[in-house]
Amino acid sequence: MQKTNAMRILDKNKIEYNALEYDCSDGHIDGASVAEKTGQDPKTVYKTLVTIGNSKNLYVFVIPVLEELDLKKAAKVSGEKKVEMIHVKDINKLTGYIRGGCSPIGMKKQYKTFIQKEGLELEKIVFSGGKIGLQIEMNPKDIEKAIRVNFEDLIK
């Protein structure tokens, strides 16, 4: 298995994680499909969303795959008047990752990152490992050892 930026950062910081590979040849890379393919409860599988605020600062939100980001709550916790999703075409340029393989760990820059607060109650959460076909499973409290993160209420 080829290491991604996210995995290299976790390894460098000696943070425990499991890498979960899944077959993406059928093109089904949405969160529900990934949860099913990796045998995970969808409540523990999180997606990474990148937004831009009025200030032009970027913010990363990590929420359960079956939930929807509440942009008003997202704006409030980021201190912005308003945030909106970045365009798909800009994901690689801004994060170094591609749509469907965007990890909150190992982006080109360390953007302010927020994780849905219920994640803290889970023993493990699963999120993109930095490429399509790869997920990382780890204790959400350990994510704070790799990147600065706040746990907030972010969903509708």
Side-chain angles (χ1 to χ4, degrees), residues 4-7 9-10 13 15-18 20 22 28-38 40-132 134-156:
T4 62
N5 277 349
M7 294 164 78
I9 288 168
L10 294 172
N13 290 294
I15 299 169
E16 196 176 307
Y17 68 94
N18 290 321
L20 308 172
Y22 64 93
H28 296 289
I29 59 168
D30 61 280
S33 297
V34 170
E36 188 180 316
K37 290 177 181 186
T38 56
Q40 303 295 317
D41 179 340
K43 289 182 180 72
T44 68
V45 180
Y46 281 50
K47 58 187 171 185
T48 305
L49 305 172
V50 184
T51 66
I52 188 164
N54 280 11
S55 67
K56 299 296 179 219
N57 286 325
L58 294 184
Y59 301 94
V60 177
F61 296 95
V62 184
I63 64 170
V65 294
L66 300 180
E67 301 293 344
E68 197 178 331
L69 180 64
D70 184 320
L71 292 173
K72 284 187 171 66
K73 289 179 182 177
K76 187 176 180 190
V77 300
S78 61
E80 293 279 354
K81 199 171 283 188
K82 184 178 156 193
V83 297
E84 57 188 40
M85 299 298 295
I86 63 168
H87 292 288
V88 172
K89 66 177 177 53
D90 295 330
I91 289 174
N92 184 259
K93 179 177 71 182
L94 297 169
T95 69
Y97 290 125
I98 60 168
R99 180 182 173 275
C102 192
S103 179
I105 299 172
M107 290 189 181
K108 282 182 174 180
K109 286 185 178 170
Q110 172 59 64
Y111 300 114
K112 202 162 191 189
T113 302
F114 301 89
I115 299 176
Q116 178 59 32
K117 65 181 184 182
E118 282 79 9
L120 271 177
E121 298 163 14
L122 300 171
E123 196 175 302
K124 302 236 185 267
I125 64 170
V126 178
F127 53 89
S128 176
K131 68 178 183 183
I132 294 171
L134 177 70
Q135 296 280 289
I136 287 176
E137 175 188 51
M138 64 184 288
N139 185 311
K141 293 176 185 82
D142 289 342
I143 295 171
E144 295 176 291
K145 296 175 186 173
I147 60 172
R148 287 187 318 277
V149 65
N150 292 322
F151 290 86
E152 301 282 352
D153 179 24
L154 306 167
I155 56 179
K156 290 187 174 185

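Within the 3.5 Å criterion, the main-chain N or O of Val60 finds no donor-acceptor partner in the side chain of Thr113. Checked by atom type and distance alone, the side chain of Thr95 never pairs as donor or acceptor with a backbone atom of Met107 at under 3.5 Å. Remark: the backbone N or O of Gly53 is not paired with any side-chain donor or acceptor of Asn57 at under 3.5 angstrom.
Within the 4.5 Å cutoff, the side chain of Leu10 has heavy atoms near those of the Ile105 side chain. Residues Val65 and Tyr46 form no side-chain contact, since every pair of their non-hydrogen atoms from C-beta on lies 4.5 Å or further apart. No side-chain heavy atom of Tyr111 sits less than 4.5 Å from a side-chain heavy atom of Tyr59. Thr51 has its side chain out of reach of Ile86: every pair of non-hydrogen atoms, C-beta onward, lies at least 4.5 Å apart. Looking at heavy atoms from C-beta onward, Gln110 lies in side-chain contact with Ile147 at the 4.5 angstrom threshold.
Between Met7 and Ile136, the shortest heavy-atom distance links the atoms CG-CD1, 4.1 Å. Closest heavy-atom contact between Phe127 and Pro104: CD1-CD, 3.6 Å. The two atoms that bring Ile91 and Tyr97 nearest to each other are CG2-O, 3.3 Å, heavy atoms only. Nearest heavy atoms, Cys102 versus Val50: SG-CG2, 4.1 Å. Considering every non-hydrogen atom in both Asp153 and Gln116, the closest pair reads OD1-NE2, 3.5 Å. Contact detail for Lys108 and Leu94: the closest heavy-atom pair is CB-O, 4.0 Å.
Checked by atom type, the side-chain pair Glu80/Ser55 shows a donor-acceptor distance below 3.5 Å. The closest side-chain donor-acceptor pair between Asp41 and Thr44, if any, does not fall under 3.5 angstrom.
More than 12 heavy atoms of other residues, nucleotides or ligands sit less than 6.0 Å from atom NZ of Lys73. More than 12 heavy atoms of other residues, nucleotides or ligands shown are found within 6.0 angstrom of NZ on Lys37.
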Decide yes or no on side chain to side chain contact (heavy atoms under 4.5 Å, CB included) for Asp70 and Ile155, but give the supporting numbers first.
CA-CA 5 Å; Asp70 184 320; Ile155 56 179; 5.8 Å; no
Could you tabulate the donor-acceptor pairs under 3.5 Å formed by side-chain atoms of residues 137-144, not counting sequence neighbours?
{"residue": "Glu137", "atom": "OE1", "partner": "Asn18", "partner atom": "ND2", "Å": "2.9"}
{"residue": "Asn139", "atom": "OD1", "partner": "Lys141", "partner atom": "N", "Å": "2.8"}
{"residue": "Lys141", "atom": "NZ", "partner": "Leu120", "partner atom": "O", "Å": "3.2"}
{"residue": "Asp142", "atom": "OD1", "partner": "Lys145", "partner atom": "NZ", "Å": "3.0"}

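For the atom pair OH (Tyr22) and CG (Leu20), the distance works out to 10.5 Å, reported to the nearest 0.5 Å. Note that CD of Glu118 and CD of Glu152 are 11.5 Å apart. Values are rounded to the nearest 0.5 Å.
Residues forming a side-chain contact (heavy atoms from CB on, under 4.5 Å) with Glu36 (at least two apart in sequence, or on another chain): none. With sequence neighbours left out, Ala74 forms a side-chain contact (heavy atoms from CB on, under 4.5 Å) with Phe61, Leu69, Val83. The side-chain contact (heavy atoms from CB on, under 4.5 Å) check on Lys82 picks up Asn54, Glu84, with sequence neighbours excluded. Applying the salt bridge (charged side-chain N to carboxylate O under 4.0 Å, His left out) criterion to Lys47, with sequence neighbours excluded, gives no partner residue.
Residue pairs that meet the salt bridge (Lys or Arg N to Asp or Glu O under 4.0 Å) test with at least one member in residues 53-69, sequence neighbours left out, are Glu68-Lys156.
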